[in-house]
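Working notes, beginning with the structure itself.
So that the names make sense, note that chain A is the first sequence line, chain B the second, and so on, each numbered from 1.
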2 protein chains.
Amino acid sequence: MAKKRAYHHGDLRRALLQEAVRLIQRKGVDALTLRAVGEPLGVSRTALYRHFADKSALRAAVASEGFRMLTLQVLEAWNGHGRNAEAFQEMGMAYVRFAMAHPSHYRVMFGECVEASTDPELAREGAAAFQALVDALTWQQQNGSVRPDNPLRLAQFIWATVHGIAMLAIDRLLESQQTDVEELTRFANERLRIAISV
Amino acid sequence: MAKKRAYHHGDLRRALLQEAVRLIQRKGVDALTLRAVGEPLGVSRTALYRHFADKSALRAAVASEGFRMLTLQVLEAWNGHGRNAEAFQEMGMAYVRFAMAHPSHYRVMFGECVEASTDPELAREGAAAFQALVDALTWQQQNGSVRPDNPLRLAQFIWATVHGIAMLAIDRLLESQQTDVEELTRFANERLRIAISV
DNA sequence: CGGGTGATGTTGACAATGTCAACATAGGCG
DNA sequence: CGCCTATGTTGACATTGTCAACATCACCCG
């Protein structure tokens with residue numbers, strides 16, 4: 001029995017999660033409805049209750065999936081550009097690009113409904129994403145290219161900046177001055193480099 | 001006729017708005033229910049529809065009120081500390097303190113449900129808050145204490161950082177390392193000063 | 001001063017939604 | 001083969017936002 005995937009539907013949990021992500025990305029968070037998730041899968045509402053405690057658990061799973069994707073993207077940018085100062089900036093760009101590409105999904109990851117404290121998997125994936133940032137900073141500190149402050153505090157500072165840009169961009173609060181988000185992110189990265197240099 | 005406040009209830013609009021703010025602060029955003037707003041005022045649901053287009057218009061009004069309060073707080077910090085570099089840091093502290101003191105209210109101000117484009121008052125109040133930051137920066141540029149970059153871009157950069165700290169703090173994502181938010185904000189302000197100096 | 005008129009508030013109803021209890025089914029294990 | 005548990009369904013219910021129809025009150029115009 002390779003998987004437990006052969007009862008009635010076959011890995012319905014993964015299908016539900018995938019459909020939930022699709023719905024959120026295409027129609028927004030409000031469109032995430034138990035009935036709307038079940039129907040495309042030929043399954044009726046409440047089927048979900050055999051795989052998730054309730055709707056908020058489904059949202060938490062969506063958020064976890066988001067953090068997993070985000071971690072992959074930023075790590076690819078960091079590792080794929082040589083783990084230097086330039087690669088660090090690409091890491092920031094990748095972060096903001098992810099948020100811009102999946103605005104509703106990103107919002108679920110930081111929504112008030114999903115409490116990281118209640119879902120251990122979500123806490124784990126969120127911590128993993130943050131750890132990628134911490135690791136990149138410690139690496140640069142050993143390099144001598146980043147000042148030897150507490151790496152966690154540096155990481156929180158930088159995280160706040162990119163998260164803030166992402167949030168403001170998603171909320172369309174940067175459009176007033178026809179701002180190019182890519183350009184703003186580049187500018188922020190440049191200034192941050194000054195701020196965290198020795 | 002000094003006011004229009006003398007029909008049945010007497011300025012019900014303001015009472016509804018005030019009760020909505022109270023509800024959000026004390027019970028969270030989900031507790032903001034048309035029935036829950038009307039009942040304490042001895043008024044029935046749907047009474048609200050004579051003063052707000054719908055529930056989201058009420059939320060927008062709450063958000064506008066929040067921006068008004070926020071603008072007052074940061075301007076008081078800026079003006080009350082002498083409009084210098086130190087005052088600018090106090091401005092940032094005041095921003096984050098407001099968010100920490102009114103987490104649910106702050107979240108409504110940046111929630112996805114409230115689209116600034118649909119409510120002109122909200123757009124105005126939001127722009128006013130942002131303008132306070134821009135003004136403080138231009139002032140310092142004329143001082144020579146801030147580099148002569150585009151002040152709007154500088155403002156967006158700094159706004160993103162404090163907004164990010166506020167959001168992460170509200171989402172309790174800074175508690176993992178038992179972080180003191182005040183301390184993190186101070187650290188961020190110090191690093192930002194380096195980043196925006198000439 | 002009196003009736004009408006529009007602003008303001010109420011009641012009833014309805015559809016959508018999350019959730020639970022009771023029921024149905026199926027697939028593997030004894 | 002027969003049962004047992006995992007899995008999925010149906011019916012029901014409370015909550016909620018919203019609308020239409022109705023009620024009421026203040027003020028204005030004659």
Quick check on the 6.0 Å ring-centre criterion: do A/F110 and A/H163 meet it?
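Aromatic pair counts; centres sit under 6.0 Å.
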
Measure the distance from [atom1] on [X] to [atom2] on [N] and round it to the nearest whole Å.
X     : N      : atom1 : atom2 : answer
A/L34 : D/dT10 : CG    : C1'   : 16 Å
A/L48 : D/dT9  : CG    : P     : 11 Å
A/D11 : D/dT7  : CG    : C1'   : 13 Å
A/L16 : D/dT7  : CG    : P     : 12 Å
A/R13 : D/dA6  : CZ    : C1'   : 15 Å
B/L12 : C/dT10 : CG    : C1'   : 13 Å
A/R59 : C/dT17 : CZ    : P     : 14 Å

Using the closest heavy atom to pick a nucleotide of DNA chain C for each, name whichever of B/V43 or A/D54 lands nearer the 5' end.
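By nearest-heavy-atom nucleotide position, the 5'-most residue is B/V43.
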
Which nucleotide in the list [options] gets nearest to the side chain of [X]?
X     : options                : result
B/K55 : C/dT19, D/dG17, C/dT11 : D/dG17
A/R35 : C/dT11, D/dC19, C/dT17 : C/dT17
B/Y49 : D/dT9, D/dT18, C/dT11  : D/dT18
A/R50 : D/dT18, C/dG18, C/dA22 : C/dA22

When you measure from the side-chain N and O atoms of A/T33 to the phosphate of C/dT17, is any distance below 4.0 Å, counting only OP1 and OP2?
yes

Under 4.0 Å between a side-chain N or O of B/H51 and OP1 or OP2 of C/dG9?
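The answer is yes; a side-chain N or O of B/H51 sits under 4.0 Å from OP1 or OP2.
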
With heavy atoms under 4.0 Å as the rule, sort A/L58 into base, sugar-phosphate or nothing.
nothing

Is a side-chain donor-acceptor pair under 3.5 Å present for B/Q25 with B/H102?
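On atom types as modelled, these side chains qualify, holding a pair under 3.5 Å.
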
Is there a donor-acceptor contact under 3.5 Å linking the side chains of A/Q156 and B/T179?
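The answer is yes; a qualifying pair exists.
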
Is it the case that the side chain of B/K55 and the backbone of B/L32 share a donor-acceptor pair, with hydrogens and angles ignored and the cut-off at 3.5 Å?
yes

Using a strict threshold of under 4.0 Å (side-chain N to carboxylate O), is an ion pair present between B/R68 and B/E121?
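So B/E121 pairs with B/R68 through a salt bridge.
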
Between A/R45 and B/D30, which has a closest nucleotide on DNA chain D that is more 5'?
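Counting from the 5' end, the first nearest nucleotide belongs to A/R45.
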
